[in-house]
Amino acid sequence: MDVIAIDDPTDAQLREWHDVLTVAHAVGPAGDPAPDPGLTARHLLAGEDGSRRRLWAVVDGDRLAGVAAVRLPGEPGAGRPGEVDIQVRPALRRRGLGGRLLAAAAEGLRADGRTSVISQVLAGTPAVPFLESHGFECVLTLRGMVLRMDDVPAERLAWLLADGPAGYRLVRWRGVVPDEHAAALARAKHAMADFAEYEGKPWDAHLVRETEEVVAERGDDLYTVAALCGDVVAGFTEVVVPHGAAGRAAQYDTAVVPEHRGRRVGIWMKAAMLRWLADARPEIREIETDNAGDNAHMLAVNEELGFRVERESREYLADVAALPTR
Ligand SMILES: CC(C)(COP(=O)(O)OP(=O)(O)OC[C@H]1O[C@@H](n2cnc3c(N)ncnc32)[C@H](O)[C@@H]1OP(=O)(O)O)[C@@H](O)C(=O)NCCC(=O)NCCS
């Protein structure tokens, strides 16, 4: 079986590629979304977000035994890491095919001037020992947590709400922030420079509205609860109910401005959000959220509310120079 580069995939190769993803998905962790043939083809044929893609496969007659895709963001060179994803048919694993695909991908990364490469995988899958055996190190863990609304007794919510910190009051809105709170919300986002997504962005009322309008344009519903101290937004929590959601809403950002931390503002706002959703959207059965594994405070708040870890995804990083060669 040879490893070949696929520069311009044929329809037959796209079908085979999708078949590899489908059989790999069938033995993968439960709950992972099934691959979609249209999406597979779009991913392989076009780069996204200003990135380019390079593809390799192990061919076995006219079948593909395993595949490797590398995403190359931005310009060639050492500036940003490439991203690799390798999938081998379950029946053909542990025969060195994954390692050979990784060597081919490493060659492509070197040719593009990349010095590092990342890979996003789920904990507890063969990807972990595979990457670790090739010198990758875990640099980030993300805990996917889920809260089942039925697991939160109404009395507990009532108690958390009554236990709010002195000197603060809650406000809430659906959709784009009302004018009276727009500037204060922008100041809160600005104050959270320690929050990776907010760092360095010129937050003002206009940018806040624009970001929220994107959610509305997708047809999704944004719910926000904010804690005010006087006219200052001390913190906020956002939940999005996706258009056509099958009972699952997504937690977006929750943040408390540094000088208002440590007073249970976070759990108070989140309890108010749960009560609001239970009343306004009774069809929502679950809320999902992703937390960085090192964000101890947010994990503690979520665990106290009843969120349970459903899956852990990890980001692995390696020096391209340390990867195998062909
Ligand atoms: C991860 C994956 C690509 C590995 O493919 P593979 O062809 O089985 O890998 P190799 O045979 O080259 O394995 C190389 C080494 O990785 C390690 N390894 C791979 N799978 C392993 C497993 N299930 N358990 C323990 N170690 C494993 C071993 O050290 C192995 O060497 P060995 O067989 O001599 O002990 C394959 O399991 C797969 O397709 N998984 C699902 C997709 C996925 O998660 N991809 C993300 C990875 S970028």
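Residues: numbered from 1 along the sequence shown. Quick caveat: nothing in here was measured; it's all calculated off a predicted structure. In each ligand, atom 1 is the first atom listed, and ligand 1 is the first ligand listed.
At a heavy-atom cutoff of 4.0 Å, ligand 1 is contacted by no atom of Ala24, backbone or side chain. At a 4.0 Å heavy-atom cut-off, ligand 1 touches Arg95 through the backbone alone.
The residue from His25, Glu132, Arg94, Gln87 that puts a heavy atom closest to atom 20 (N) of ligand 1 is Arg94. Evaluated by nearest non-hydrogen atom to atom 48 (S) of ligand 1, the leading choice among Ser119, Pro129, Gly66, Pro126 is Ser119.
Residue contacts with ligand 1: Gly96 is included, with a non-hydrogen atom under 4.0 Å away.
No option in Val67, Leu64, Val59 other than Leu64 meets the side chain to side chain contact (heavy atoms under 4.5 Å, CB included) test with Glu16.
No side-chain donor from either of Glu83 and Ser51 sits under 3.5 Å from a side-chain acceptor of the other. For the residue pair Tyr316/Gln120, the side-chain donor-acceptor check at 3.5 Å is not satisfied.
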Going through the checks in order, is the salt bridge (Lys or Arg N to Asp or Glu O under 4.0 Å) test met by Glu259 and Arg261? CA-CA 6 Å; Glu259 55 268 35; Arg261 289 179 191 170; over 6 Å; no
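Protein heavy atom at the shortest distance from atom 7 (O) of ligand 1 is Gly98 N, 2.8 Å. Of all protein heavy atoms, the one closest to atom 36 (C) of ligand 1 is Arg93 NE, 3.6 Å. Here the protein heavy atom with the shortest distance to atom 2 (C) of ligand 1 is Phe130 CG, 4.4 Å. Given atom 39 (O) of ligand 1, the protein heavy atom at minimum distance is Val88 N, 2.7 Å.
Applying the 4.0 Å criterion to heavy atoms of Ala127 picks out, from ligand 1, the atoms 1 (C), 44 (O), 46 (C), 47 (C). The contact set between ligand 1 and Ser133, taken as ligand atoms under 4.0 Å from a residue heavy atom, comprises 15 (C), 16 (O), 17 (C), 29 (O).
One distance of note links NZ of Lys189 with CG of Leu207; it measures 8.5 Å at 0.5 Å rounding. One distance of note links CG of Leu21 with CG of Leu39; it measures 10.0 Å at 0.5 Å rounding. If you take NZ on Lys270 and OG1 on Thr289, they are separated by 5.0 Å, rounding to the nearest 0.5 Å.
Protein heavy atoms all stay at least 4.0 Å away from atom 34 (O) of ligand 1.
Between Met145 and Phe307, the closest heavy-atom pair is CE-O, 3.8 Å.
Note: no N/O pair closer than 3.5 Å links Val121 and ligand 1 by distance alone. Taking any N or O of Gly99, backbone or side chain, at least one lies under 3.5 Å from an N or O belonging to ligand 1. Backbone and side-chain nitrogen or oxygen atoms of Ile86 are examined, and one is located within less than 3.5 angstrom of a nitrogen or oxygen of ligand 1. For ligand 1, the polar-atom distance check against Thr125 finds no nitrogen or oxygen pair separated by under 3.5 Å.
A donor-acceptor contact shorter than 3.5 Å links the side chain of Gln13 to the backbone of Thr10.
Taking a 6.0 Å sphere around NE2 of His190, one finds it holds 12 or fewer heavy atoms contributed by other residues, nucleotides or ligands.
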